[in-house]
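What follows is a set of notes on a single structure, which appears directly below.
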Amino acid sequence: MTAPSSPSDLERFKASLTTHLDWFAERGRKVRFWWRDDDAIEPTPQLEKLLRLANTHDVDVALAVIPKQATAALADRLKDERHAPVLQHGWQHKNFQRKDLGERAAELGFRRDLEELGPQLTEGKAKLEKLFGEKFIPAIVPPWNRISPEVSRALPNLGLPGLSTFTWHNFPKAHQVQCHVDIIKWKREVRFIGWGSAFRKFDLELCRRRTNPEEPLGLLTHHLVHDEGCWDFLHEFLTIAAHHPGAEWPEVKDLFGCTPAAAPSESTTS
């Protein structure tokens with residue numbers, strides 16, 4: 001069930017977002033937005049809703065696809081989609097940390113042996129290249145948004161120079177594009193964070209963009225677990241942010257600066 005939000009919370013969010021973007025437009029500047037959605041493996045009704053929103057508002061939604069479970073059916077569904085580039089979501093989205101020791105979940109954490117993990121990520125990259133061809137951007141999205149420094153340093157040598165996690169504490173690096181606002185509340189009950197929380201999170205990030213305009217503001221979603229509040233948010237947010245003169249939505253492949261893979265052969269998704 002979605003947390004109750006008063007109409008005033010929604011209106012305050014919309015007014016704040018518009019006011020921030022007006023500030024940029026009045027100065028001939030733009031906030032750079034991007035959108036990442038995690039855990040795709042196959043076509044679903046929720047994915048259809050997501051793609052419909054991206055197409056309606058003419059913005060990219062970068063799909064972080066889990067390679068081990070990725071299906072040819074997903075590749076076939078996306079092959080003609082203009083706004084659905086693909087990123088690599090680890091290998092199998094499995095936790096290798098010690099929950100009994102209080103360690104937070106991670107597939108690419110400090111407990112992984114690179115001699116085992118490296119070939120898995122390489123296999124995942126090859127599978128996504130074969131399935132999605134030029135739609136695939138060689139960038140890793142670590143499951144649970146956690147990655148050890150050792151694994152991170154190894155990525156370029158695996159042919160995966162791109163990286164996207166969830167933080168604004170890291171100094172920006174080439175090929176690293178972060179997400180900043182997750183619209184889902186994960187603890188206890190998985191649901192939309194609420195308009196009040198959305199207002200505060202975007203207010204902070206948009207204030208930061210006044211002095212840090214080059215960093216894209218990343219929206220994070222998970223279509224498979226969206227409640228109605230999440231879908232309502234995306235409609236309201238994109239109605240403003242995707243069409244305002246104070247905003248722009250670069251193509252995701254350009255943000256990562258990574259060369260896409262070659263187009264798949266005709267037999268790839270057969």
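Nothing here was measured: the structure is a model prediction, and the numbers come from that model. Keep in mind that the numbers below use all heavy atoms, side chains included, and drop hydrogens, waters and symmetry copies.
Proximity of Val59 to Phe33: side-chain heavy atoms (C-beta onward) are nowhere separated by under 4.5 Å. Val31 has its side chain out of reach of His20: every pair of non-hydrogen atoms, C-beta onward, lies at least 4.5 Å apart. A 4.5 Å side-chain heavy-atom check between His244 and Leu17 finds every atom pair outside the cut-off. Within the 4.5 Å cutoff, side-chain heavy atoms of Phe132 are placed close to those of Leu74. Asp232 has its side chain out of reach of Leu10: every pair of non-hydrogen atoms, C-beta onward, lies at least 4.5 Å apart. Contact annotation: the side chain of Leu78 approaches that of Leu63 to within less than 4.5 Å [non-hydrogen atoms, C-beta and beyond]. Looking at heavy atoms from C-beta onward, Asp60 lies in side-chain contact with His83 at the 4.5 angstrom threshold. Inter-residue side-chain proximity for Leu238 and Thr56 is flagged as unmet; no heavy-atom pair is nearer than 4.5 Å.
In this structure, the side chain of Arg146 does not engage the main chain of Pro142 through any donor-acceptor pair within 3.5 Å. No donor-acceptor pair under 3.5 Å is formed between the side chain of Lys99 and the backbone N or O of Ala105. The closest donor-acceptor contact from the side chain of Ser164 to the backbone of Val141 lies at 3.5 Å or more, if one exists at all. Judged by distance alone, with hydrogens and angles left aside, the side-chain atoms of Trp249 form a donor-acceptor pair with the main-chain N or O of Ala241 at under 3.5 Å. No donor-acceptor pair closer than 3.5 Å links the side chain of Arg191 to the backbone N or O of Lys185. Looking at Arg82, its side chain never comes within 3.5 Å of a backbone N or O of Asn55 through a donor-acceptor pair. The main-chain N or O of Glu42 is never found under 3.5 Å from a side-chain atom of Arg77 such that the two would form a donor-acceptor pair. A donor-acceptor pair under 3.5 Å links the side-chain atoms of Lys30 to the main chain of Pro245, judged by distance alone. Lys135 places a side-chain N or O within 3.5 Å of a backbone atom of Glu81 that can act as its donor or acceptor partner.
Atom CD1 of Ile137 sits about 11.5 Å away from atom CG of Leu128, to the nearest 0.5 Å. Note that CG of Asn145 is 10.0 Å distant from CZ of Arg104, once rounded to the nearest 0.5 Å. Note that CD1 of Ile66 is 11.0 Å distant from CD of Gln88, once rounded to the nearest 0.5 Å. Here Asp227 contributes atom CG and Ile184 contributes atom CD1; the two are 7.5 Å apart, rounded to the nearest 0.5 Å. To the nearest 0.5 angstrom, Asp37 atom CG is 9.0 Å from Leu51 atom CG. We find the CD-CG distance between Gln178 and Leu255 to be 12.5 Å, quoted to the nearest 0.5 Å.
Around the NZ atom of Lys201, the shell of radius 6.0 Å holds no more than 12 heavy atoms that belong to other residues, nucleotides or ligands. Taking a 6.0 Å sphere around CZ of Arg29, one finds it holds more than 12 heavy atoms contributed by other residues, nucleotides or ligands.
Using a 30° and 60° split on the angle between ring planes, Phe13 and Trp195 fall in the tilted class, from 30° to 60°. Ring pair Phe237/Phe202 is tilted by interplanar angle, where 30° to 60° counts as tilted.
Ion pair Arg52/Glu48 not flagged as a salt bridge, since none of the NZ, NE, NH1 or NH2 atoms sits closer than 4.0 Å to an Asp/Glu carboxylate oxygen. A salt bridge links Lys125 with Glu129: at least one charged nitrogen is closer than 4.0 Å to a carboxylate oxygen. Salt-bridge annotation for Asp203 and Arg200: absent, with no side-chain N of the basic residue lying under 4.0 Å from a carboxylate O of the acidic one.
For the side-chain hydrogen bond (donor to acceptor under 3.5 Å, both in side chains) with Gln120, the qualifying choice from Lys68, Glu107, Arg112 is Arg112, the only one to do so.
No donor-acceptor contact under 3.5 angstrom links the side chains of His93 and Gln69, judged on distance only.
Ring to ring, Trp186 and His222 are close: their centroids are under 6.0 angstrom apart.
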